[in-house]
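What you see is a predicted model, and the numbers here were worked out from it, not measured in a lab.
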Amino acid sequence: MPRRRLQRAWIVVPALLVGGCASAVPVDPAAHATDPACAALVLATPDSLGDGLARRRTTAQATTAWGDPAIVLRCGVEPPGPTTERCVTVQSAQGPSIDWLVVQDGATGGATAGPTPTGQPTAGSTPGTSDWTFTTYGRVPAVEVHVPAAVAAARSTTFLDGLATAIAAHTQQQRSCL
């Protein structure tokens, strides 16, 4: 009897090891990722941003990710200065409001069309064809959220609302969108 249990263990243990090894999302750390506020902010983010967007491990300090393809949050990016990029204020259902710069990846300067944080596309956008980057405006440390085109095409970006409490609690607002 003990021998049979031992044989089962040799089958079960490797299966658990292989099954439990989800790959980490490769992420480059931000310039100011060592800011202690970033560690607290990442720990305060939700475990899920909605259906199919469960938290995933990342390879860098002060980062986290959700879903596959991954929405990636990096804390400690260079705080943006005054800009002509599109800046929107997202009022959270929990109370805090966060100002975000909204940039279509690959776009060249100026305000760009695309999804709004409420999920409604703006004029000139082609949903699902571009990645999007949302960067907090006027907050230190600054936070960047990268949204892959496939995620932007399949759902609204209202999940930014779910990040507001953590961002408001662990960053200092110094400027606001106009």
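- One distance of note links SG of Cys177 with CZ of Arg86; it measures 11.0 Å at 0.5 Å rounding.
- Leu53 is connected to Val145 through a chain of hydrophobic side-chain contacts under 4.5 Å among Ile, Leu, Val, Met, Phe, Trp and Tyr, so both are in one cluster.
- There is a side-chain donor-acceptor pair under 3.5 Å between Ser92 and Asp161.
- Among pairs with a residue in residues 39-50, those fulfilling side-chain hydrogen bond (donor to acceptor under 3.5 Å, both in side chains) read Thr45-Arg55, Asp47-Arg55, at least two apart in sequence or across chains.
- The two atoms that bring Ala24 and Thr59 nearest to each other are CB-CG2, 3.9 Å, heavy atoms only.
- More than 12 heavy atoms of other residues, nucleotides or ligands shown are found within 6.0 angstrom of CD on Gln174.
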Before you tell me yes or no, could you show the steps for Val140 and His32 under side chain to side chain contact (heavy atoms under 4.5 Å, CB included), namely the whole-Å CA-CA distance, both residues' side-chain angles and the distance that decides it to 0.1 Å? CA-CA 10 Å; Val140 176; His32 306 287; over 6 Å; no
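- Considering only heavy atoms from C-beta on, Arg56 comes within 4.5 Å of Ser23 through its side chain.
- Val72 and Phe134 are not part of a single hydrophobic cluster, where members link through side-chain heavy atoms under 4.5 Å apart.
- The backbone N or O of Arg175 sits less than 3.5 Å from a side-chain atom of Gln173, completing a donor-acceptor pair.
- None of Leu101, Ile98, Thr89 except one satisfies the side-chain contact (heavy atoms from CB on, under 4.5 Å) rule with Tyr137; the exception is Leu101.
- Nearest heavy atom pair, residue Gln91 against residue Ser97, reads OE1-CB, 3.3 Å.
- When all heavy atoms of Cys38 and Gly76 are compared, the closest pair comes out as SG-N, 3.4 Å.
- The two residues Ala142 and Pro79 come nearest to each other via the heavy atoms CB-CA, 3.7 Å.
- The CD1 atom of Ile167 sits 3.5 Å away from the CH2 atom of Trp100 when rounded to the nearest 0.5 Å.
- Note that CD of Gln104 is 10.0 Å distant from OG1 of Thr133, once rounded to the nearest 0.5 Å.
- Side-chain N or O atoms of Arg74 include none that pairs as donor or acceptor with a backbone N or O of Val27 at under 3.5 Å.
- To the nearest 0.5 Å, the span separating NE2 on His170 from OG1 on Thr165 amounts to 9.5 Å.
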Inset, instruction - Begin from the C-alpha positions of Leu49 and Leu163 and carry the test side chain to side chain contact (heavy atoms under 4.5 Å, CB included) through to its verdict. - result: CA-CA 9 Å; Leu49 294 180; Leu163 301 173; 3.9 Å; yes
Item to check | Stepwise side chain to side chain contact (heavy atoms under 4.5 Å, CB included) test for Val143 and Cys75 | outcome: CA-CA 4 Å; Val143 176; Cys75 183; 4.2 Å; yes
(request) Step by step, work out the side chain to side chain contact (heavy atoms under 4.5 Å, CB included) result for Trp132 and Thr157. (result) CA-CA 10 Å; Trp132 292 87; Thr157 52; over 6 Å; no
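- Here CD1 of Ile71 is found 3.5 Å from CZ of Phe159. Values are rounded to the nearest 0.5 Å.
- A donor-acceptor pair under 3.5 Å links the side-chain atoms of Trp66 to the main chain of Pro46, judged by distance alone.
- Connection of Leu41 to Val90 is established within a shared hydrophobic cluster, with ILVMFWY side chains joined at heavy-atom distances below 4.5 Å, either directly or through further cluster members.
- Closest of all the heavy-atom pairs between Val147 and Ala152 is CG1-N, 4.0 Å.
- Annotation: the span from Asp99 atom CG to Arg139 atom CZ amounts to 7.5 Å, rounded to 0.5 Å.
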